[in-house]
Amino acid sequence: MSIPRVLNRKNRILLKELTKTDFKLRYQGSVLGYLWALLRPLMMFAILYIVFAKLLKIGGDIPHYPVYLLCGTTMWSFFTECTSQGIQAIVNRGDLLRKISFPKYIVVVSATLTAVINMLINLVVIIVFALINGVAPSPTWLLAIPAIFEIYLLSLGLAFLLGSINVKYRDITSIWDVLIQALFYAVPIIYPIAMVATTSEVAAKIILLGPIAQAIQDIRFSLITHETITTWNYIANPLVIIPIVFTIGILIIGALVFRRKSKFFAEEV
Amino acid sequence: MKRPVGTRTEIIDKNAPAITVKNLHKSFHLPTEQAFGLKQAIFNRLRGVKGYREQKVLKGLDFEIKQGEFLGIVGKNGSGKSTLLKILAGIYYPEKGDITINGTLVPFIELGVGFNPELTGRENVYMNGALLGFSNAEMDKMYDDIWEFAELKDFQDQKLKNYSSGMQVRLAFSIAIRARGDILLLDEVLAVGDAAFQQKCEKYFENLKENHQTVILVTHSMDNVRRFCTRAILIDDGKIVKDGAPDKIADAYLKLWS
């Protein structure tokens, strides 16, 4: 797969059009339409906020806790949407794969791009909420970009890897659904990582070595409050590169597996 | 799990044949019983069962298509015609053998690929156009002509699910004929619409023939073979049994059952 083929004109047109239709179809036939892209995460946030911040009173000492929570849930939704849509992309677009010849990665990327659009819309909401909450705009906001990018690359790698297995073994979709539910609790989204640290520093460190936890804490650090515990300010040894290595590793393995298997997608899907 | 893979090369050479196929083989792995799913796959491996049956579809094809030829491919159902077309189109990989495609190739395995019933006619036109490699700007230019040809102007902003199947095919056909390529691959897309629309389609094919467009047509209509093709091949059981003038091939095809 040489570079000119990957980015050639025909592929760009196709990617754009597929992403557009995916996004349109998502909210087709609903009264509120695209508004749901905003409403869904906001409602999920409202539930979590009422349960965890108001009833259980978790996270009281973190500044701007509601936005902090919203930021975590949004980025988590981004990760889950990206991976689950990406994993199913090949099967969902099976009809296309059987009828025309084009680089198969395009359907996976277009499925994840819909999640990117949703995330960007919500990012605007986070920023508005942050400003309302009295967070001062600062150049460190830009540091969120590489962290968001990291989540995207990890999702893409997982989508390539699991999506190519899913063509033959559809169990992957269900397994991933369950796994992601479990993972939700392994990432400090609804509970502050400081809470874990008071019980066991080792546990907190292990949690922070997960790429999603690391990325979410980084985004919170840069966008909301520098009081956030991050992988970088909490772990002081060379192990801190684990999340980055893991992300790049998954992406490379995913791309290689996908390239090898994609030759037979049209027959197997 | 590693399966042998033949080669499919794309070249651009004014003097070379449009398509060269050498010793092409293809077989499919058909899952036996319930080989789908992880559990069954693990069981099969433990019991040493393959979990699939090998179905040989193409058993060594050799042929060449010259530039400007209108080639008909005929044969019974299941003889391997569509598989051949899909391999030429680059959808399936050749298991063994070498294929050389000279120039740009536009395949129509089916009309209206990517059509979505929930989208409007307009949206579907742009989507289908993108699959043929047309940008939005290019589609804008040919947009009115497409609807004109399809005779469906009043339905542009209706959802596709409200179209009759005949209307859908007409729309798809009208987009498809816009595609330009050195080689066209057509799988049974001739007979669409009512008598009046069919005439239009036939005119399009006559034009292709007059302009010496390289076309490969898979069909069961011997009338079309005789009328449009300059050469035909008869495939039976994954092998080329006859190659030659359309009239002779059409006769041989009809004799398959006698």
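When reading the values below, keep in mind they use all heavy atoms of this one structure, side chains included, and skip hydrogens, waters and symmetry mates. These numbers were taken from a predicted model, which means no experiment stands behind them. Residue numbers begin at 1 in each chain, while the letters A, B, ... track the order of the sequences.
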Taking every non-hydrogen pair under 4.5 Å, which of Asn116(B), Leu132(B), Leu131(B), Leu105(B) racks up the most with chain A? Leu131(B)
In short, Lys10(A) meets Gly133(B) closest at the heavy-atom pair CG-CA, 3.7 Å
Engaged part of Ile100(A) at the chain B interface, taking heavy atoms whose separation is under 4.5 Å: both
Measure Ile165(A) against the heavy atoms of chain B and call it side chain, backbone, both or neither at under 4.5 Å. neither
Within 6.0 angstrom of Lys16(A) NZ, more than 12 heavy atoms from elsewhere: no
Please say whether more than 12 non-hydrogen atoms of neighbouring residues, nucleotides or ligands are located less than 6.0 Å from CZ in Phe155(B). no
Any side-chain heavy-atom pair of Glu123(B) and Thr21(A) under 4.5 Å: no
Measuring only between side-chain heavy atoms, which start at C-beta, is Asn136(B) closer than 4.5 Å to Lys20(A)? yes
Please determine whether the number of non-hydrogen atoms from other residues, nucleotides or ligands lying under 6.0 Å from atom CZ of Phe129(A) exceeds 12. no
Rounded distance [0.5 Å steps], CZ in Arg98(A) versus NZ in Lys86(B): 7.0 Å
Do other residues, nucleotides or ligands put more than 12 heavy atoms under 6.0 Å from the CD atom of Glu54(B)? yes
Please check if atom NZ in Lys159(B) has more than 12 non-hydrogen atoms from other residues, nucleotides or ligands closer than 6.0 Å. yes
Can you find a heavy atom in the side chain of Met127(B) that is under 4.5 Å from one in the side chain of Leu18(A)? yes
If you measure from CZ on Phe28(B) to CD on Glu267(A), what distance do you get to the nearest 0.5 Å? 5.0 Å
Tell me whether Ile11(B) at atom CD1 has more than 12 heavy atoms from other residues, nucleotides or ligands lying less than 6.0 Å away. yes
Please check if atom CZ in Phe246(A) has more than 12 non-hydrogen atoms from other residues, nucleotides or ligands closer than 6.0 Å. no
Write down the atom of Ser101(A), the atom of Ala89(B), and the distance for their closest heavy-atom approach. CB-O, 3.1 Å
Given 3.5 Å as the limit, does a donor-acceptor pair link the side chain of Lys99(A) with the main chain of Pro107(B), or not? no
Where do Ile13(A) and Phe134(B) come nearest, in terms of heavy atoms and distance? CG2-O, 3.3 Å
